[in-house]
Structure formats: structure tokens, C-alpha cells
Amino acid sequence: MASLYVYGIVDRTDVALPMDGTGGCPIVALPYRDIAAVTCSIEAGRAPSASPAAVRHHEEVVEALMVGSTVLPVRFGTVVPDEASARELLAASYPAFVEVLRRVRGRVELGLRVLQPGDAGGSTSAGTNSEAGSSLASGTAYVLARLEEERRAHATRSRAEDVAREIHRPLAAIACESARETLPTPRTLLAAAYLVDRGQIERMRRAVGAVARSFTTLRFLLTGPWPPYHFCAGASNGEMPSQGG
Amino acid sequence: MTHARLAEREVTLLELLDRALDKGVVLHGDLTLAVADVDLIYVGLKVLLSSVETAERMRRPGLASLTTGRRERARPVTGR
């Protein structure tokens with residue numbers, strides 16, 4: 001009995017794509033009212049591994065769907081047991097899907113990653129405060145050193161947050177919605193996603209270029225357009241769609 | 001392919017993996033998430049940046065868990 005691999009949710013009831021699904025089966029739309037789950041049959045238990053080729057194929061399908069419809073990309077590797085389950089999921093989340101489809105319609109995601117040099121900010125404190133070290137018990141010196149580390153880490157994060165905010169503000173102003181995280185890693189000052197009207201893509205690119213020229217020690221990586229991966233949270237089962245990003 | 005193009009392709013791949021594996025719509029109910037059973041295959045060791053990021057993210061919840069109900073992957077990412 002075949003299971004169904006799910007690529008995305010679209011705001012139409014049929015799709016015609018120039019490619020087959022994973023495993024070579026045709027990609028079909030399973031409709032519910034005016035939306036559909038885009039699926040292909042796969043052998044039960046034979047979902048694709050997360051290889052670069054498989055993930056690229058998944059993305060190619062989702063991007064092809066973007067040409068003729070609004071699509072909410074479903075997470076890679078999602079498999080439902082049968083058509084009835086797929087329809088049940090569509091029915092149960094119909095209001096949420098419709099709302100999120102509305103919010104992303106005519107829009108794309110642009111991703112920004114701002115990298116700082118390898119030695120920026122996060123350098124370790126050079127051990128204890130050497131003037132005090134000799135006259136204090138080693139335990140106290142240790143605590144003082146840790147407190148100093150904490151203080152520096154906090155100052156680093158605070159500085160990073162200031163810079164991230166300064167970078168993000170003019171870009172968020174162009175976007176319809178945005179999501180960001182400061183210092184997800186020591187080298188990534190800012191990771192952000194912007195939901196942008198298709199007609200504003202060039203404007204966003206120019207704005208990122210302008211910001212990058214103000215921060216010459218930082219490296220800016222702008223990718224996209226992507227399907228709205230970061231802006232589908234409200235469509236996941238059991239969640240009510242929320243405002244903003 | 002030139003070195004620059006290869007690097008560019010890898011960056012794009014990392015961005016794609018981050019999105020397709022960790023974001024997007026999460027469907028619940030009686031279904032299988034294939035990724036939980038699978039090793040991620042990274043292209044070479046040049047993907048250090050995202051390896052660190054993904055490894056760190058796996059150690060703590062954060063922005064990645066905007067979509068609730070995300071199941072933790074069974075094992076940490078290893079470079080190959």
C-alpha cells in the first residue's frame with residue numbers, strides 16, 4: 001500500500017509539473033475545497049534520505065509550484081499514510097492554510113546571513129585578573145575570572161545585538177514580514193529571513209548592498225528567492241496563525 | 001566548475017538544507033518524518049560554518065522551533 005510524500009500546500013486544486021516525484025511517480029494534487037496537498041506515491045517505508053540530490057529535487061518541485069500558484073513548502077521527508085489522511089489534515093487545518101497562503105501570496109523569501117571575522121568579539125579572557133590573582137585564594141580568583149567572562153560575553157552579545165538591529169531595520173522596512181536571530185553561532189552575527197513582494201526583490205538587494213557598504217568588516221550573504229519556508233509557522237498543525245514575523 | 005562557483009553552490013546548499021529540513025510546514029497526525037532516521041550527508045568539509053550552526057542548534061531550542069512539535073533528530077550531525 002503506497003504512502004504519499006508531501007511537497008507543499010497550494011492554493012489551487014490541480015497542478016501540472018514538468019517533473020516526476022521522488023521515485024519516479026507522478027506528482028498529483030489532492031484537493032480539499034480550494035486548496036490541495038501536492039504529493040506523490042512512494043512505497044511505504046521508502047521515503048528518500050536527506051541527501052543533497054533528494055533535497056534539491058524537493059526544492060525543484062516546490063519552486064516549480066511557485067510558478068503557477070502560491071505554495072506553502074512542507075518540510076522535507078514528510079510522508080502521510082494515504083489519501084484519506086492527507087484530506088483529513090487539509091480539512092483540520094484549512095483555515096490556517098488559507099490564512100498563511102493569503103499572507104505569502106505574491107511574495108518570496110530572501111535570506112540574509114551576516115558573518116563576522118573569526119576573532120570578533122568572542123575571544124576568551126586571558127585567565128584571571130593577574131594583579132588580584134596572587135593575593136586571593138584560587139577559588140575566589142576563579143569566580144572573579146568567571147564573572148569577568150560573563151560580563152564580556154554579555155557585552156559582546158549586547159554589541160552584536162546593536163549592530164544586528166542596525167543592519168536589520170532598513171531591510172525589515174522593505175519586507176512584509178521578517179524573522180531574525182542574533183549570533184546563532186559565534187561567527188554569524190545575524191541570520192534573517194525577509195518576506196518580500198516579488199516586485200521589491202531588487203529594492204531589497206540594493207538595500208542589502210547599501211548596508212554592506214556601511215559594515216566593511218562584515219560579510220553579507222544574501223540568498224533567494226526562496227519559497228516562504230520561514231513564514232509557514234502558522235500553518236503547522238495545531239497552531240493558530242499569528243501576526244507579524 | 002570554478003572554485004568560486006563551487007563555494008557558491010555549497011553555500012546555497014547549506015541554506016537549502018537549513019530551510020527544507022528545519023523550516024516549512026510541519027504536518028502532524030499519523031505520519032512519518034523520514035529525516036529522523038537518516039544521516040545528513042554533507043559535501044566535503046568546507047561546510048564548517050553550517051555544521052557548527054546546526055550542531056549548536058541541536059543542542060538548544062531556539063528560532064528553529066518556531067514550528068512546534070518538531071522532533072529532535074536522533075543523532076548529531078557528523079562531517080564526512
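Predicted model, so just to flag it, every value in this text is computed and none were measured.
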Chemist: To check you understand the geometry: which heavy-atom pair defines the closest contact between A:C232 and B:G24, and what is its length?
Modeler: CB-C, 4.0 Å
Chemist: Between B:R19 and A:E59, is there a salt bridge with N-O shorter than 4.0 Å?
Modeler: no
Chemist: What's the spacing between B:L27 CG and A:L72 CG if we round to 0.5 Å?
Modeler: 10.0 Å
Chemist: If I take atom OG1 from residue B:T12 and atom CG from residue A:L221, how far apart are they, to the nearest 0.5 angstrom?
Modeler: 9.5 Å
Chemist: A:R75 side chain to B:V25 main-chain N or O, any donor-acceptor pair under 3.5 Å?
Modeler: no
Chemist: If I take atom CG from residue B:L16 and atom CH2 from residue A:W226, how far apart are they, to the nearest 0.5 angstrom?
Modeler: 5.0 Å
Chemist: Checking A:V6 against chain B: side chain, backbone, both or neither under 4.5 Å from a heavy atom?
Modeler: side chain
Chemist: In chain order, what residues pass the side-chain contact (heavy atoms from CB on, under 4.5 Å) check against A:R205, with sequence neighbours excluded?
Modeler: A:I201, A:E202, A:L222, A:P225
Chemist: Any heavy-atom pair between the side chains of A:R113 and B:D18 that's under 4.5 Å?
Modeler: yes
Chemist: Just jot down the salt bridge (charged side-chain N to carboxylate O under 4.0 Å, His left out) partners of A:E161, sequence neighbours excluded, or say none.
Modeler: A:R165, A:R180
Chemist: In terms of heavy-atom contacts, does CZ of A:R219 have more than 12 from other residues, nucleotides or ligands at under 6.0 Å?
Modeler: no
Chemist: Heavy-atom distances under 4.5 Å only: say whether A:E109 touches chain B with side chain, backbone, both or neither.
Modeler: side chain
